[in-house]
Amino acid sequence: MHDVLPVEPIKATWQHAPRWRAVESVFRNICREYGFREIRTPVMEATELFTRSVGEGTDIVSKEMFTFTDKGGRSMTLRPEGTAPALRSYIENSLWTDNPLQKLYYIATIYRYERGHRGRYREHQQTGVEALGSSDPAIDAEIISLAIEFYNRLGISETELRLNSVGCPECRPAYREALLAFAEPLLDQMSEDNQTRFRINPLRMLDSKDPRDKSLLANAPSIAEHLCPDCESHFTSLQTYLNALDVKFTLDSNLVRGFDYYTKTAFEIVSPQLGAENVIGGGGRYDGLIKELGGPATPGIGFGIGTERCLLVLEQLGITLPVASESPTAFIVVLGEKAKPVAVKLLNGLRKAGISSDIDYVGKSLKAQMRQADRAGARFACLLGDNELEKNEIAVKPMNGEGDQKMVPLDTLVEYLRSQDGI
RNA sequence: GCGACCGUAGUGAAACGGUUAUCAUGCCAGUCUGUGGCUCUGGUGAUACGGGUUCGAUUCCCGUCGGUCGCCCCA
């Protein structure tokens, strides 16, 4: 876990709130342009939601959930992923009655109980989208191109999109059998992990990074050869759409993702800028999941993007996204007890007029107040002391060499500041 | 869940087992009796926590907590 600060840390410059806002803002804009609308769901859900959707045999459910019992004796879990909560909400609120196709996006904090290191955190943020109600491969392409466009707008152009089809309940069992038959005689030569996978989740054997496993399984049957006609044509069609959108991809028949609910399309996007944790986004189709969770039989597809990992890539690339200034236009410098109430009232007037402004509340000296105005990046320091009070004026000093200090009548300060360029 | 390494002012870094724990930066004040940035001066502020070894522990050992990096897996 980590803090995201208003000041930029020296070592981890990505833990800086303005950078997060910039990334989120790019994501929101793209989602709006692509016709996705925001959904917000609670950070915690009934544990059963995740055990049923993500799958009992997955690492996430078996060892990575933040689970606890609430005062009513119910088992609750901090969401370890974004899809299941969105679908739960879709079902509970019968969103399909609003429109048979729901295109949703979220920016959510995700929790996974695991050992952290660079790029992997127990608490992290994912931005994601879900399109519910369409089995058209064109929407798979839209979702994928949305993700690619997001990276491009951030300035992350060097990415690799890996694509696969993991089949469906029609064709996967046959493939599974073929794979088991191929692997069984080799089992005692494989890694311990893969021997476990053989029993729990055979497809994951393909994803092993162990060199022994890789060579043993090099000639294993490929899912591509076992797809049913429906999955086959969906996959082919998706590739046609991606080509039409000029989205480059690499077919990877070993790509198996860590959720049990995926059907047909599965993809992930990796960045060469990162080390061990190089996946900056991933997703897939989950045509059986909504029904499984108690809703109508409805196809769906979505992805999640790791905000922290994107920020790490940006840091690696030395990219700083433009952010709106947080500096005030005016900083009121107060001298003496008499001026304070006048200054406070003035400050309120400036703010009501939409002019960002600030003042000291810790009894700083004149010099310190000037320094604070400077460090805050204020465009004008407005000095109010006994001399000014006598004449009902205020001294307005530009901080960036925009001319000389001027005496301005108190009741025209708003007008004066507004008349300055750029305000 | 497994393994390796690391925890010193707010931040970033120093300190053969031995004076008052050093430096930079930040912050406060003075230099400038009513004017920011640049000087110079002063002040502020730290050994994660709990045990142990030792005449003496920031330093060595154990535990807890936290962090970093691998494995696994994922964003």
Side-chain angles (χ1 to χ4, degrees), chain A residues 1-3 5 7-13 15 23 54 57-65 79-83 107-128 147 151 191-194 196-197 201 204 207-210 213 255-259 268-271 274-283 302-313 331 333-336 339 360 362-389 395-401 404-405:
Chain A
M1 304 200 212
H2 50 258
D3 299 316
L5 309 175
V7 294
E8 191 170 282
I10 289 172
K11 290 175 113 174
T13 56
Q15 290 176 13
V23 169
V54 177
T58 62
D59 278 34
I60 287 182
V61 168
S62 64
K63 63 177 189 182
E64 294 177 0
M65 294 207 297
R79 62 177 165 219
E81 60 113 25
T83 298
I107 296 180
T109 305
I110 303 290
Y111 297 85
R112 289 190 197 157
Y113 193 90
E114 54 191 346
R115 286 290 280 172
H117 61 230
R118 185 174 178 80
R120 190 183 62 191
Y121 306 100
R122 286 183 168 185
E123 180 187 75
H124 72 276
Q125 184 178 285
Q126 287 184 24
T127 56
Y151 298 124
S191 68
E192 213 172 295
D193 280 336
N194 256 13
T196 308
R197 290 177 182 138
N201 194 341
R204 289 216 60 86
D207 203 32
S208 174
K209 276 96 188 167
D210 190 306
D213 298 338
L255 174 64
V256 182
R257 298 186 44 79
F259 303 93
E268 58 186 35
I269 297 143
V270 304
S271 164
L274 297 177
E277 312 297 339
N278 62 356
V279 178
I280 53 176
F303 69 68
I305 291 173
T307 305
E308 280 86 345
R309 287 188 188 173
C310 288
L311 286 158
L312 282 167
V313 174
F331 190 94
V333 175
V334 185
L335 295 104
D360 162 64
V362 295
K364 288 189 177 180
S365 67
L366 170 62
K367 183 185 173 76
Q369 289 183 65
M370 288 300 290
R371 288 187 64 194
Q372 190 182 338
D374 183 44
R375 276 187 291 111
R379 193 167 157 200
F380 300 98
C382 303
L383 292 86
L384 191 65
D386 292 344
N387 297 348
E388 288 76 17
L389 278 182
V396 179
K397 175 174 184 170
M399 300 295 279
N400 305 313
D404 296 327
Q405 181 166 314

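Per chain, numbering begins at 1; letters A, B, ... match sequence-line order.
With hydrogens and angles ignored, the 3.5 Å screen pairs no side-chain donor or acceptor of A/Arg122 with any backbone N or O of A/Ile110. Under the 3.5 Å distance criterion, the side-chain polar atoms of A/Gln369 are matched with a main-chain donor or acceptor of A/Val334.
Within the 4.0 angstrom heavy-atom criterion, only backbone atoms of the sugar-phosphate kind lie near A/Ser365; the bases stay farther away.
Put simply, A/Arg120 has no side-chain N or O that comes within less than 4.0 Å of OP1 or OP2 on B/C69. When the side-chain nitrogen and oxygen atoms of A/Arg115 are compared with OP1 and OP2 of B/U68, none of them lie within a distance under 4.0 Å. In this model, the phosphate group of B/G67 is not approached by any side-chain N or O of A/Lys11 to a distance below 4.0 Å at OP1 or OP2. For the pair A/Thr127 and B/A75, the criterion of a side-chain N or O lying under 4.0 Å from OP1 or OP2 is not met. The side chain of A/Lys63 places no N or O atom within less than 4.0 Å of a non-bridging phosphate oxygen (OP1 or OP2) of B/G1. A/Lys364 has a side-chain polar atom (N or O) that falls below the 4.0 Å cut-off from OP1 or OP2 of B/C28.
Out of B/U35, B/G67, B/C72, the shortest distance to the side chain of A/Leu383 is found at B/U35. Ranking B/G34, B/C27, B/A75 by closeness to the A/Leu366 side chain, first place goes to B/G34.
Computed from coordinates, the A/Ile10 CD1 to B/A13 P distance equals 8 Å when rounded to whole Å. A/Arg122 has its CZ atom 7 Å from the P atom of B/G67, to the nearest Å.
The aromatic ring of A/His124 is stacked on the base of B/A75, with the two ring centres less than 5.5 Å apart and the planes inclined by under 30°.
Rounded to the nearest Å, the gap between the C1' atom of B/C60 and that of B/U22 is 23 Å.
Between the side chains of A/Glu123 and A/Tyr111, a donor-acceptor pair is found at a separation under 3.5 Å.
For B/G34, the base has a donor-acceptor partner in the side chain of A/Glu388 [N/O atoms by modelled type, under 3.5 angstrom].
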